[in-house]
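Single-structure report; data block below.
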Amino acid sequence: MRVVTYSPKVFIPVTMLCRDVCHYCTFARPPRRGERAYMTGDEVLAVARAGAEAGCHEALFTLGDKPELRYRAAGEELEQLGCETTIEYLARMCELVLAETGLLPHVNPGVMTRAELELLRPVSASMGIMLETASDRLSAKGGPHYGSPDKIPARRLETIRLAGELAIPFTTGILIGIGETRDERIEALEEIRALHDRFGHIQEVIVQNFRAKPGTKMATAPEPSLDDHLWTIRAAREVLGPEMKIQAPPNLAYDEFPRLLEAGIDDWGGVSPVTIDHVNPEAPWPEIVRLREATETAGFELAARLPIYPDYVADLNRWADPRVAQEIRKHADADGLARDDRWAAGSTAPIPPAPRAAAPLPLDGHELDEDEITRLFEARGRDLAAVVAVADELRREVSGDTVTYVVTRNINYTNVCYFRCGFCAFSKGKLAANLRGAPYVVPLEEILRRCHEAWERGAVEVCLQGGIHPGFTGEYYLDVCRAIKEELPDLHVHAFSALEVWQGAATLGLPLSEYVNELREVGLASLPGTAAEILDDEVRRIICPDKVTTDQWLEVHDTAHRAGLRSTTTIMFGSVEGPRSWARHLVRLREQQKRTGGFTEFVPLPFVHMEAPIFLQGRARPGPTFREALLMHAVARLALHPHITNIQASWVKLGMDGAQAVLRAGANDLGGTLMNESISRAAGAAHGQEMPPERMEDAIRTLGRTPRQRTTLYGTTDPKHMRLSYGAPPLAEPLNPHVNDAGLRRPARLVRPGLAVR
């Protein structure tokens, strides 16, 4: 379903002075005794903060054109402010809003030179200037632009051209009904199209209708009819093509605004819950609820956007200053639109309301391809509700109303790692002790003590994963498995990511298949599906460049499956990637599962951003939105069916409320009790280190579902042993000796599988 966007914003009229005298304008006015020429920084911040609190993403700075060239009062006030020009003061206000509120500035200061554009680019997400018309005739005596030097078309086209050269995402448009002919409208649109074809920087075109205003020279001029407005929008769509975003202000169409959709607009422009339209104060914004109803009635979904459109968000290295790009990423979702909630993985923020009830999508049971999966991941509104409904229906068919979980203990045996994964706050070497505590290596006797303790508390599994210390070889992993199985032969050893297995084989100089068989022989029973992150090498080159590649990760699991071992599989989502990469990941998993059938479950892991280096460096989003988390579980149910039938909810990342929500969206498993969980907590997660069986089962029963303890491979737990898990005693304090106590030595050459193939 097509999305129609709008930008939730605040309007900040920095100054209402202007050197131009457009004959239809009530925004610009001369200086008034006792009034300042410019808003103060405190006034600007007050508006911006109100907007941020109301959920806005954009601060639209509207102002007159170069008033200091006409009014002495403007020049004198600028001098007092320590600025030479209005543009210089505007840059200062943009910087203030960006730094203090995080709102993304969009600036409309009129005609600009290259130097002025360069001054504003580092403090704004986008800019704009209405071309209005390409007709010089309207600037002649008697025309609406007579006496307005900044409305000469050539000057405005030059500003748009310079913006293109500087790679500035730009808004422009035409104003109809001010005396131009239809041919002149087409001429203006063609000028816009030519500049966009050359630079690719025009992200939206506004088709705005003139409204006569009392007190202006054009107060009695006829306004364009709605039919004339619709004709012009259709013409704009014809001239500009299907990919251009075309906008028409809904408030200027009054109660007829829904009809604008008939003509082909796909954006409503800026709508503010806080401020009026200062250019058209007589025309109030339609309420968002009304805007949504009109959009949905026309068969579309309404979505909030940023002042910079998704195509430009997808290439911020080109289209945004690095500092501004960091702020844009904080506001963006995986589609490059505005985040629609304030939830974050690992946080205690409440989850947003469930999507509205909807009939399930009419899927015919065919295997979804990459394009179809991508489109499902983009679902919003009623489409989101429909995807969730069909996924939950399929879950019920496959798994019934039973929700499974496993009593397990996590052991993270070291937090030292020589790999450079940008998302990891747990294992980042000697320079990141503030993120993951003092560097440690857990001695073998402590690993065994924790395994005994877990077994006595009813655990059926121990999950072993950690950083890769440069002194580790494949013998380390063999020794750990061997020792555990010698002491606790019935405890399932679920251990070692694909990276650890690959590194272990490489350090011993063994073929992968031979090393996997050795692990199996000493007691390894299954592999966790971690280190998968995103199975798309374009993304892996950004988030984990020296880790195993997609093919290497799949090769490890393929080898394990052929050796008789089973494994889980995961996805870490919400950092730098998007729906296309998610779809590729699911398709690769599905194809692998068809070959070997070795995956037991799929575990979506939302990116926890708070302490992740890649987020702190401004190179990643703050994790997925909750809509995206719901979709990851729901779409996985649909895309992986019938090959992978268990979809797990991570209570550590989602919180229990979030986990319950995804159990209504296709998931059927609540994961493990964990006993110790360090990796997510190091990244900033706040959901605890253990979820006892009693709490697990209460949460499941609250949903009207039936809890069942399971084994790692989804078998039935021995009832006698299972009883030990209820009312288990507190855990003893774990021992994590300093890494130096381990006496490990760094080898001459470190294994970096991801770099070896590039």
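If you read the sequence from its start, that first residue is 1, and numbering goes on from there.
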Would you call Asp267 and Arg305 a side-chain contact if the rule is heavy atoms closer than 4.5 Å? yes
Is Glu628 close to Met632 at the side-chain level, that is, under 4.5 Å between some pair of heavy atoms? no
Can you find a pair of side-chain heavy atoms, one from Val4 and one from Leu291, that are under 4.5 Å apart? no
Does a side-chain N-to-carboxylate-O contact under 4.0 Å join Arg375 and Asp383? no
How long is the gap from CG on Leu60 to CG on Leu104, to the nearest 0.5 Å? 12.5 Å
For Trp319 together with Tyr312, are the ring centres under 6.0 Å from each other? yes
Going through the checks in order, is the side-chain contact (heavy atoms from CB on, under 4.5 Å) test met by His229 and Ile176? CA-CA 8 Å; His229 195 189; Ile176 69 167; 3.8 Å; yes
Side-chain donor/acceptor of Glu223 to backbone N/O of Ala221, under 3.5 Å: no
Can a donor-acceptor pair be found, under 3.5 Å and without considering hydrogens, that links the side chain of Thr232 to the backbone of Asp228? yes
Between Thr374 and Trp582, does a side chain to side chain donor-acceptor pair (under 3.5 Å) hold up when you go through it step by step? CA-CA 7 Å; Thr374 300; Trp582 302 341; over 6 Å; no
Compute the centroid of each ring, for Tyr38 and then for Tyr89, and state whether the two points are separated by less than 6.0 Å. yes
Just by distance, do the side chain of Arg155 and the backbone of Val111 share a donor-acceptor pair under 3.5 Å? no
Is Arg580 salt-bridged to Asp536, going by a charged N under 4.0 Å from an acidic O? no
Between the main-chain N or O of Glu293 and the side-chain N or O of Glu296, is there a donor-acceptor pair closer than 3.5 Å? no
Determine whether a donor-acceptor pair (N or O, by modelled atom type, separation under 3.5 Å) exists between the side chain of Ser148 and the backbone of Lys151. no
State which residue, out of Leu69, Leu63, Asp65, fulfils the side-chain contact (heavy atoms from CB on, under 4.5 Å) condition with Thr86. Leu63
Would you check if the side chain of Arg29 reaches a backbone N or O of Cys18 as a donor-acceptor pair within less than 3.5 Å? no
Counting only heavy atoms not in Glu53 (residues, nucleotides, ligands), do more than 12 fall under 6.0 Å from its CD? no
Side chain of Gln203, backbone of Tyr309: donor and acceptor closer than 3.5 Å? yes
Is there a donor-acceptor pair under 3.5 Å between the side chain of Asp20 and the backbone N or O of Asp150? yes
